[in-house]
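Computed over heavy atoms, backbone and side chain alike; hydrogens, waters and symmetry mates excluded. Just so you know, ligand 1 is whichever comes first in the structure, and atom 1 is the first atom listed for that ligand.
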Amino acid sequence: MRIDVLTIFPDYLAPLSLSLIGRARERGLLDVSAHDLRRWTSDVHRTVDDTPYGGGPGMVMRPEPWGRAFDELVPAGVAPPRFVVPSPAGAPLTQSLAAELAAEPWLLFGCGRYEGIDQRVLDDAADRMPVTEVSLGDVVLFGGEVAVLAVVEAVTRLLPGVLGNAESLAEESHTGGLLEAPVYTKPPVWRERPVPDVLRSGDHGRIARWRRDQALVRTARRRPDLLAALPPGTLDATDQLA
Ligand SMILES: Nc1cc(-c2ccc3cc[nH]c3c2)n[nH]1
């Protein structure tokens, strides 16, 4: 997968060189490039923003640098990327959207700043590539970069070969659609708090049932909406929701 990020703060994307994503890049599974949008400005001050038409506070990102960046990065005749733009008005980032994006050969991320990007940038982009506005949640950030880091992590961990065996086993243990059960490790007792005996019993069937029950109870208490979204028949007679 090729990933390009347009931003006025390319250093914000430095974490993409670390850990699993950094290793995937070294192994050629990922090609990630952050581009400073000011590369496509035309004035001595490298201006990317201006005051909003119609008045109002703050500044808006001018369209010209974006258009020049598209012209260079997405020339005619080349299969275009999906343009992914973080926005409070975007579609919620969910595991299913992450899986959909993970199937794309090329993602181009656009990081807004200030009060946002001139709408004509999104309209012009839609004439040449699929556009997806995505929201990290109903919380307002300073710009798109942090959201791009989250989307890139959610997407790239789904790519074949990116997760090592240990991590992919954790992935397999995901209790489909439910929250995870609590996890424990050594020491067996810590500040007079013991690890649940069942987890040290060696009885794998009992352990699996305990984890399932814990996942169900946690989901029912914290995210009943996830229970309601489960496919019919997911919960069987032995499931405990107490
Ligand atoms: N989910 C979410 C996205 C954003 C976001 C995205 C882009 C910009 C540009 C200026 N402010 C922004 C905020 N906040 N919260």
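- If you look at E115 next to ligand 1, there are no close heavy atoms at all, none under 4.0 Å.
- In this structure, atom 6 (C) of ligand 1 lies nearest to the protein heavy atom P86 O, 3.4 Å.
- From the protein, the heavy atom lying nearest to atom 2 (C) of ligand 1 is V139 O, 3.6 Å.
- For the pair V32 and V152, the minimum side-chain heavy-atom distance is 4.5 Å or more.
- If you check each of V148, L141, L136 against atom 14 (N) of ligand 1, the one with the closest non-hydrogen atom is L141.
- The protein heavy-atom contact nearest to atom 10 (C) of ligand 1 is Y114 O, 3.1 Å.
- Ligand-side atoms of ligand 1 in range of G137: 1 (N), range being under 4.0 angstrom from any heavy atom.
- Under the 30°/60° scheme for interplanar angles, the aromatic rings of F70 and F83 are found to stand perpendicular.
- A cation-pi arrangement is present between R113 and Y12, with the terminal nitrogen or guanidinium carbon under 6.0 Å from the aromatic centre and inside a 45° cone about the axis.
- Side-chain contact between D4 and S33 is present, with heavy atoms from C-beta onward closer than 4.5 Å.
- Under a 4.0 Å N-O distance rule, the pair R218/E180 does not qualify as a salt bridge.
- For the pair S135 and ligand 1, the shortest N or O to N or O distance falls below 3.5 Å.
- Shortest contact from atom 5 (C) of ligand 1 to any protein heavy atom: P88 CD, 3.6 Å.
- Of all the atoms in ligand 1, the ones that sit under 4.0 Å from a non-hydrogen atom of F142 are 10 (C), 11 (N).
- At least one side-chain heavy atom of L178 sits under 4.5 Å from a side-chain heavy atom of L230.
- A salt bridge is absent between D213 and R209: the closest approach of a Lys/Arg side-chain nitrogen to an acidic carboxylate oxygen does not fall below 4.0 angstrom.
- When non-hydrogen atoms are compared, ligand 1 lies under 4.0 Å from the backbone of S87 (N, CA, C, O) but not from its side chain.
- The closest protein non-hydrogen atom to atom 8 (C) of ligand 1 is G143 CA, 3.6 Å.
- The backbone N or O of I21 lies less than 3.5 Å from no partner atom in the side chain of S19, so there is not a single donor-acceptor pair.
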